[in-house]
Amino acid sequence: MSALLRVEDLTKSYGRQRGCTDVSFELWPGEVLAIVGESGSGKTTLLNCCAGRLEPTGGKVLYETRHKGLIDIHDMSEPERRFLMRTDWAFVHQNPRDGLRMNVSAGANVGERLMAVGARNYGNIREAALDWLSRTEVDPDRIDDLPTTFSGGMQQRLQIARNLVSGPRLVFMDEPTGGLDVSVQARLLDMLRDLVDRLGLSAVVVTHDLAVARMLSTRLMVMQQGRVVETGLTDRVLDDPQHAYTQLLVSSVLQP
Amino acid sequence: MRDDTIPGEAAPAPESGYNFAYLDEGAKRMIRRAILKAVAVPGYQVPFASREMPMPYGWGTGGIQVTASILKPEDTLKVIDQGSDDTTNAVSIRRFFAKTAGVATTEKTEEADIIQTRHRIPEKPLSEDQIIVLQVPIPEPLRWLEPREVETRRMHALSDYGVMHVKLYEDISRHGRITTSYDYPVMVNGRHIMAPSPTPKFDNPKMGDMPALQLFGAGREKRIYAIPPHTEVKSLDFEDHPFSIQTWEEPCALCGAEGVFMDEVILDDEGDSMFVCSDSDFCQRRRDAGHTGPAAEGGEI
């Protein structure tokens, strides 16, 4: 078995500003990797570079494609990359409005990826949309409603349905539970963990919430000022933090 | 005022002080280059330096510029507005070219060398030596779903058109069928998705494999695109909701024609109406040939 995603010495700078510096890691099939760190530590920059949404300044992002083996996604042609992004990959934004088409119905949102890769049978598209709405616990009766009429939690679940409908192998999530209240967050996490488990997805999850990392991920990467300061199994890092910053981070969590 | 634009008659000498067909030769050459490029890449929207024309945007400034640059002194011009030869837009454009170019004008489809039209293709099939020029308000078929020009251009470049079906999906999910009835998106030559200007979808099948050259001009949006003769044009659809054109239950009230595009004409304020051919030349010629419809037989008209 080989790694699904291999990142080598990834660096991204915005002029003199450093986004992330010399990050390397491997993601294995079925593994969920969480990236934690404070605001401005380069988590989202790293995620965007890995997901092909930002051009890195240096380093490589290699992805194990289904047919051509390990390829640097930034060397791919744009049509190839676009195709990959809407079939093999998924990207869940923190704000569902960034990931959804707000002016078309929930069903069309879920069906878009299918239509983009050539599905031309309305009945089948609708069936898939209904199936995914129920799998993400959105009431199937709302299939023809606009996402603007949905609550925040429903919008986020709809965004997840829209992403998973194409059967991706790798999911990128940027603060998937940000901006949701704790009970909705808990339900969403439960659902995500279940889906990731059942579909055998690999995922890279960016979060600043250590509880989310604990719940979803198998491995954890701690970032500070654009560098990875500690990495290891999630339980090990959270229960026995080695780096001073990780210790600070873990001890800063409020207990109700 | 002297009406010097009676169709079918050769117009008198053009007004002095204008270059032939209003535009200067440099501008016409620029537009012809855009047209050549458009013909070379069927369905691709070629940007061009649209000129100010002596009429407002929305009155066909794009179509007029295209017509002006392909017009020759010996050509005969026909102008249609919503199928009709005698509505405001058609009359003013016909008068414009009669005055500035001195070309002959006609209402008869087969006599015309160039047909400039707003939103209809004549019922009578066009031939290889004719050119049809369509006026386009919004040339970008993806605009409804993607407001960013940079992004729509990239979508065209990469043939990334999945989103177009999202619009049709929305139609079916809301109304049970595809309700888009005009400006119905088409795939040209298997490569570019194109807005056929707001022609009714009834005319979409005519665009495919048409012997005449079809040119599209959008003046405000500064785009020209084309369908060369005998090019494949396919209306988008779903397997289980195939493309279909409008049909009418009754024949034309005046000429009895069936299977043509009809306008509903309100007759009084008691809900009475009749359906007549939208193509006024087609209807008139049928009546001249002795065909009559229900209203004409009843002696009401």
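Throughout, protein chains are lettered first and strands after them, A, B, ... in sequence-line order, and every chain is numbered starting at 1. Values below: all heavy atoms of this structure, side chains included; hydrogens, waters and symmetry mates excluded.
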Which atoms of A/Ile143 approach chain B - backbone, side chain, both or neither, heavy atom under 4.5 Å = side chain
Do the side chain of B/Glu170 and the main chain of A/Ser105 share a donor and acceptor less than 3.5 angstrom apart?
-> yes
What one should report as the nearest heavy-atom pair of B/Val166 and A/Glu112 is CG2-CG, 3.7 Å
Can you measure from CG (B/Leu158) to CD (A/Glu80) and round to the nearest 0.5 angstrom?
-> 11.5 Å
Taken to the nearest 0.5 Å, the spacing of B/Phe238 CZ from A/Ile125 CD1 works out to 4.5 Å
Could you go through the side-chain contact (heavy atoms from CB on, under 4.5 Å) check for B/Asp160 and A/Arg86 one step at a time?
-> CA-CA 11 Å; B/Asp160 188 359; A/Arg86 65 170 53 127; 2.7 Å; yes
Give, as side chain, backbone, both or neither, the part of B/His241 having an atom under 4.5 angstrom from any heavy atom of chain A.
-> side chain
Distance, nearest 0.5 Å, that separates CZ of B/Arg154 from CD of A/Glu78 = 5.0 Å
Which pair of non-hydrogen atoms, one from B/Ser173 and one from A/Asp144, has the smallest distance, and what is that distance?
-> CB-OD1, 3.4 Å
Donor-acceptor pair, A/Arg101 side chain versus B/Leu145 backbone, under 3.5 Å?
-> yes
Taking side chain as C-beta onward, heavy atoms only, is B/Glu239 less than 4.5 Å from A/Tyr122?
-> no
When rounded to the nearest 0.5 angstrom, what is the spacing between CG in B/Leu236 and CZ in A/Arg120?
-> 7.5 Å
